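These notes are about the structure you will find just below.
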Amino acid sequence: MPRARRALVVALVVALCPRASSARAISREDAFVGYSERARGATLRLTLDGDGAGDARAIALRLREDWAPTLARELAGGAARRGSFYRAEATPEAGARDGYGGPGPPYALLQGALEGLRGRAEGEAPIVARGYACVIGSGPDFFIATRGHAEWGRAHACFAEADETSMALVDEITETYAVHPETWGRTNVTVLNERLPFSASIE
Ligand SMILES: *[C@@H]1O[C@H](CO)[C@@H](O)[C@H](O)[C@H]1NC(C)=O
């Protein structure tokens, strides 16, 4: 191999060798992991008080800083400690139409209040899908949707997302726990006969 050609090959091998550029490669990768971890967010765990040992059922909500940066950061910092669920709405029959045009009632959600939850949408909120946890007004009330709610547009600040394991518990509450009808404003709702208190923790 001519000398100039050999020098070029060596230079290319050095340039492409991971070890030769390891310092830069690692720091860039760390930066990426750090960014994606933050975007993925911490988990807000709502543990139902239950009735003693062995009954610590929980709903795990993955905080979504990409949807609601300030809210998600405050919650990740431990802003909320306790709350309770008070409204449980089953899935509406296909074609159910209320005075707003439907779907519903019932309204396919679990609603509660979380002490310390304060905030509104920043930027464009997502269309509510199953598993999304969203603030009502500016808090402390919020809901977890059991079905998509495209009919609500982008009115609610969604701040977290429940996994399917947690949604099995949410489904159980909305479909099987005892409720009674009430009318709030013009809306016909179903309210839990007994509030479900929970503690909130971050992991
Ligand atoms: C609530 O229920 C009443 C009685 O069934 C009904 O007339 C009214 O339209 C309902 N309200 C809404 C907003 O659907």
Side-chain angles (χ1 to χ4, degrees), residues 44 46 48-49 57-64 66-68 70-72 74-75 79-80 82-198 200:
L44 175 69
L46 308 180
L48 299 180
D49 284 4
R57 299 203 295 169
I59 297 166
L61 298 174
R62 196 161 55 82
L63 294 172
R64 293 290 303 254
D66 50 337
W67 292 344
T70 309
L71 243 171
E74 283 174 6
L75 290 170
R82 285 203 61 79
S84 61
F85 292 113
Y86 54 79
R87 177 185 178 194
E89 301 265 352
T91 306
E93 310 244 323
R97 291 281 171 268
D98 61 6
Y100 305 115
Y107 291 99
L109 60 82
L110 179 62
Q111 182 175 324
L114 176 58
E115 292 164 27
L117 178 67
R118 297 252 177 280
R120 289 187 173 277
E122 301 165 275
E124 193 172 43
I127 298 280
V128 177
R130 171 175 169 81
Y132 287 14
C134 313
V135 182
I136 299 168
S138 55
D141 299 275
F142 74 107
F143 65 82
I144 302 169
T146 59
R147 291 289 180 277
H149 284 286
E151 75 278 14
W152 295 341
R154 300 177 186 275
H156 300 95
C158 299
F159 60 93
E161 192 177 2
D163 59 26
E164 270 306 312
T165 308
S166 298
M167 287 309 292
L169 174 54
V170 175
D171 286 339
E172 183 187 329
I173 296 169
T174 58
E175 302 290 341
T176 71
Y177 279 39
V179 294
H180 60 273
E182 287 186 13
T183 303
W184 296 350
R186 291 178 48 228
T187 307
N188 302 306
V189 301
T190 53
V191 176
L192 284 164
N193 288 358
E194 284 180 43
R195 273 184 176 250
L196 294 176
F198 57 77

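A quick note: this is a predicted structure, and the numbers were derived from the prediction, not measured. We count ligands from 1, going down the list as the structure has it; atoms in each ligand are counted the same way.
- At a 4.0 Å heavy-atom cut-off, the residues surrounding ligand 1 are D98, G99, Y100, R186, N188, listed by chain and number.
- Using a 4.5 Å heavy-atom threshold, the side chains of D171 and R130 count as touching.
- Counting all heavy atoms, side chain and backbone alike, A157 lies closest to R120 at CB-C, 3.5 Å.
- Contact annotation: the side chain of L44 approaches that of L114 to within less than 4.5 Å [non-hydrogen atoms, C-beta and beyond].
- Side-chain contact between R64 and Y132 is absent, with no heavy atoms from C-beta onward closer than 4.5 Å.
- E122 CD: more than 12 foreign heavy atoms inside a 6.0 Å radius.
- In this structure, R82 pairs ionically with D49, as a charged nitrogen and a carboxylate oxygen lie closer than 4.0 Å.
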